[in-house]
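Since the structure comes first, as structure tokens, the remarks are kept for the end.
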Amino acid sequence: QVQLVESGGGLVQAGGSLRLSCAASGRTFSSYFMGWFRQAPGKEREFVAAISWSSGNTYYSDSMKGRFTISRDNAENTVHLQVNSLKPEDTAVYYCAAKSGVLSTVRSVWAYDYWGQGTQVTVSS
């Protein structure tokens, strides 16, 4: 019911910024939570940020220290992740995801129903 396509990844130097985008389509995504996750080689996939499509309320991982900002563009059916002050440890594949259901699982990888293919972010030192 929901298709997600990420874009905007690339190679940046430490301290730089990127804006990732997730284009969503389908019948029900407007009532979903939209999330960003990342996965570095050898590590588990971790929650970064999420947004309620309907309300615009946002939710963040405590470990990101305010460097990540999630937003939505209703006209373009797109969710964005602005990433600032990038560090080498931010290097990972960044995934867009969507889920229905309760707010209590908004930070849980296992709760998301749909996933994009990911976009690579590489931060050089």
Side-chain angles (χ1 to χ4, degrees):
Q1 293 182 330
V2 176
Q3 296 81 46
L4 306 172
V5 180
E6 302 99 332
S7 62
L11 174 64
V12 296
Q13 291 187 335
S17 299
L18 285 173
R19 192 177 82 149
L20 309 182
S21 298
C22 173
S25 61
R27 292 182 295 173
T28 61
F29 70 88
S30 62
S31 64
Y32 279 35
F33 294 98
M34 306 295 296
W36 284 98
F37 296 79
R38 69 183 187 184
Q39 187 167 25
K43 299 184 67 177
E44 295 184 345
R45 193 166 299 184
E46 65 175 338
F47 172 77
V48 176
I51 187 168
S52 168
W53 191 267
S54 59
S55 72
N57 289 342
T58 57
Y59 312 89
Y60 293 95
S61 168
D62 292 337
S63 64
M64 301 303 167
K65 296 186 176 181
R67 297 184 298 112
F68 296 79
T69 303
I70 191 169
S71 62
R72 55 160 163 75
D73 184 339
N74 182 258
E76 299 293 332
N77 294 329
T78 301
V79 176
H80 302 285
L81 183 71
Q82 179 70 37
V83 189
N84 298 325
S85 302
L86 282 161
K87 305 174 181 179
E89 52 263 44
D90 294 321
T91 295
V93 177
Y94 284 71
Y95 295 93
C96 180
K99 83 175 205 71
S100 60
V102 297
L103 174 61
S104 62
T105 60
V106 74
R107 294 177 173 86
S108 302
V109 173
W110 55 264
Y112 282 75
D113 302 302
Y114 304 98
W115 294 85
Q117 293 298 305
T119 185
Q120 177 71 48
V121 172
T122 302
V123 184
S124 62
S125 59

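- By the side-chain hydrogen bond (donor to acceptor under 3.5 Å, both in side chains) test, Ser100 pairs with no residue at all, sequence neighbours left out.
- Considering only heavy atoms from C-beta on, Leu81 comes within 4.5 Å of Val48 through its side chain.
- To the nearest 0.5 Å, atom CG of residue Leu18 and atom NE2 of residue His80 are 14.0 Å apart.
- Interatomic distance, CZ of Arg67 versus OG of Ser61, reported as 10.0 Å (0.5 Å rounding).
- Between the Thr122 side chain and the Thr91 main chain, no donor and acceptor come within less than 3.5 Å of each other.
- Remark: the backbone N or O of Ile70 is paired with a side-chain donor or acceptor of Tyr60 at under 3.5 angstrom.
- In this structure, Trp36 is not a member of the same hydrophobic cluster as Leu103, with clusters built from ILVMFWY side-chain heavy atoms closer than 4.5 Å.
- One hydrophobic cluster holds both Val83 and Met34 under the rule that ILVMFWY side chains link at heavy-atom gaps under 4.5 Å.
- The two residues Ser17 and Val12 have their closest heavy-atom pair at O-CG1, 4.1 Å.
- At a threshold of 4.5 Å between non-hydrogen side-chain atoms, the residues Gln3 and Val5 do not count as touching.
- The two residues Tyr95 and Glu6 make their nearest non-hydrogen contact at CA-OE2, 3.4 Å.
- How far OG of Ser124 is from CG of Leu86: 10.0 Å, rounded to the nearest 0.5 Å.
- In this structure, CZ in Phe37 is found 13.0 Å from CD in Glu44, a value given to the nearest 0.5 Å.
- In terms of heavy-atom proximity, Thr105 sits nearest to Trp110 at CG2-CH2, 3.7 Å.
- In this structure, OG on Ser7 lies 9.0 Å from CZ on Arg19, to the nearest 0.5 angstrom.
- A donor-acceptor pair is defined here as one N or O able to donate and one able to accept, closer than 3.5 Å; such a pair exists between the side chain of Ser52 and the backbone of Ser55.
- Phe47 and Ile51 are assigned to two separate hydrophobic clusters, defined by single-linkage of ILVMFWY side chains at heavy-atom distances under 4.5 Å.
- Scanning all heavy atoms of the two residues, the minimum distance from Phe33 to Val106 falls at CD2-CG2, 3.9 Å.
- Ring planes of Phe68 and Tyr94: parallel class, angle under 30° (limits at 30 and 60°).
- Residues Leu20 and Tyr112 do not share a hydrophobic cluster, defined by chaining ILVMFWY side chains whose heavy atoms lie under 4.5 Å apart.
- Considering only heavy atoms from C-beta on, Trp115 stays 4.5 Å or farther from Cys96 through its side chain.
- Linking ILVMFWY residues whenever their side-chain heavy atoms come closer than 4.5 Å, directly or via other members, leaves Val93 and Val121 in distinct clusters.
- Contact annotation: the side chain of Asn77 approaches that of Trp53 to within less than 4.5 Å [non-hydrogen atoms, C-beta and beyond].
- Listed here is the closest heavy atom pair of Ala40 and Ala92: N-CB, 3.8 Å.
- Separating the CD atom in Gln1 from the OH atom in Tyr114 is a distance of 4.0 Å, to the nearest 0.5 Å.
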